[in-house]
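Here is the structure we will look at, set down as structure tokens.
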There are 2 protein chains.
Amino acid sequence: MSSDTRWLDAHEQEIWRALRELLWGFESAMDRQLIRDSELSGVEYSVLAALSEADDGILRARDLARQLGWERSRLSHLLKRMETKGLVARAECPTDLRGFNIMMTTAGRDAIVKAAPGHVSFVRENVFDPLTEEEREALHSAAMKIQASIREAGLWVNPGVQKG
Amino acid sequence: MSSDTRWLDAHEQEIWRALRELLWGFESAMDRQLIRDSELSGVEYSVLAALSEADDGILRARDLARQLGWERSRLSHLLKRMETKGLVARAECPTDLRGFNIMMTTAGRDAIVKAAPGHVSFVRENVFDPLTEEEREALHSAAMKIQASIREAGLWVNPGVQKG
DNA sequence: GAGGCATGATTGACGCGTCAACAAAAACGA
DNA sequence: TCGTTTTTGTTGACGCGTCAATCATGCCTC
């Protein structure tokens, strides 16, 4: 089982290295830009973006977690921090005593409105602009294929949440 | 400054979504495989891999950090944890009283020898096998271009360590 | 060789994520 | 209806990374 390992050749190692560096550094770079130009971290931005897509800026914690593909506990921890910052507020859910409705506060909306243009520019300037049309499409299909493969191997996050 | 933002169209959003999911999920999937099939986390694997490329399995903490592109404090925290697990050992550096030599222990070598085949298989099966040759090359150049762009924007990790 | 700056490494506080345990409420089934 | 199971959400412990502060040592220059 280990003697027939197909190791990477030099060229494959180069590709792998470039990809690994990107996978490892991209997210933190995005966070850095966000924190520098607004008062929001990447995850906070995600939460507020999801909320602002909802009708009233209100979503049940359950649905928020599902939409983001996160564990409930992760969301819970983050919401606690965001609540103390005044970005979101909790309210009991009238139809289900277990549930909580999460709503964006005015400060939360202000923050994401302020952060959005810079965030989009970051993506545009660093992901789309530097690539050719072919590279964009290849990147797209490659990303989907890799994800599908990992999912098939049962190693993707939240294996249960793969409904389209 | 915000009114001329070039927002993403529907197709671009699809690409961005796929890429973001990959960037967000790949690393944790790799970690999951590693932890499942060995006793090593992803970062521990990186440290041991770097050490095993050195002559005697010994590297100064400074060089280890440089090679991995990490902050010293990050390495320090991790080494403390790895030392308690018996994966590495510290020894004072004879030529520089400030420095420390980090060496792999027998347990450390055993662990990475055990982990390596599964790790390589993960990469091979989920990154290389699912892609066409064209996609591989496009992925390679796209990753490099995106990284270069972020670096130019001054947002890449460790802006100082960009000597190639 | 004494002052001053650079380098190497550690520490502590804090944000963040995972995991396992938990409590309360809902849904289900006989 | 009563008991079991599922769902929802929180909490605490712990691993992990960043940042700022700290400290000792090396280096460099006058």
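All of these numbers come straight from a predicted model, not from anything done at the bench. The chains referred to below are lettered A, B, ... by the order of the sequence lines, with proteins before strands, and numbering in each begins at 1.
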Once the angle between the rings of W156(B) and W24(A) is folded into 0 to 90°, is it parallel (under 30°), tilted (30 to 60°) or perpendicular (over 60°)? perpendicular
Spacing of [X] atom [atom1] relative to [N] atom [atom2], expressed in whole Å:
| X | N | atom1 | atom2 | result |
| --- | --- | --- | --- | --- |
| L68(A) | dT18(C) | CG | P | 12 Å |
| M30(B) | dC16(D) | CE | C1' | 15 Å |
| L75(B) | dT10(C) | CG | P | 8 Å |
| I35(A) | dC16(C) | CD1 | P | 8 Å |
| R90(B) | dT10(C) | CZ | C1' | 8 Å |
| L79(A) | dG17(C) | CG | C1' | 14 Å |
| E92(B) | dG8(C) | CD | P | 17 Å |
| R62(A) | dA26(C) | CZ | C1' | 11 Å |

Electrostatic pair [X]:[Y] at N-O distance under 4.0 angstrom:
| X | Y | value |
| --- | --- | --- |
| R62(A) | D96(A) | no |
| K85(B) | E39(B) | no |
| R136(B) | E12(A) | no |

F128(B), L139(B): one ILVMFWY side-chain cluster at the under-4.5 Å cut-off?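 Looking at the clustering, L139(B) is in the same group as F128(B).
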Given [options], the nucleotide with the shortest approach to the side chain of [X]:
| X | options | answer |
| --- | --- | --- |
| H77(A) | dT11(C), dT18(C), dG9(D) | dT18(C) |
| S76(A) | dG8(C), dT10(D), dC16(C) | dT10(D) |
| V43(B) | dT8(D), dC16(C), dC16(D) | dC16(D) |

Does the side chain of [X] get closer than 4.0 angstrom to OP1 or OP2 of [N] through an N or O atom?
| X | N | answer |
| --- | --- | --- |
| R60(A) | dG9(D) | yes |
| R81(B) | dC14(D) | no |
| R74(B) | dG17(D) | yes |
| S28(A) | dG17(D) | no |
| R98(A) | dA27(C) | no |
| S73(A) | dC19(C) | no |

Remember a base hit wins even if backbone is also touched, and classify R72(A) as base, sugar-phosphate or nothing at under 4.0 Å, heavy atoms. base
When the nearest nucleotide of DNA chain C is assigned to K85(A) and to L97(A) on a heavy-atom basis, which residue is associated with the more 5' position?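 Final value for this comparison: K85(A).
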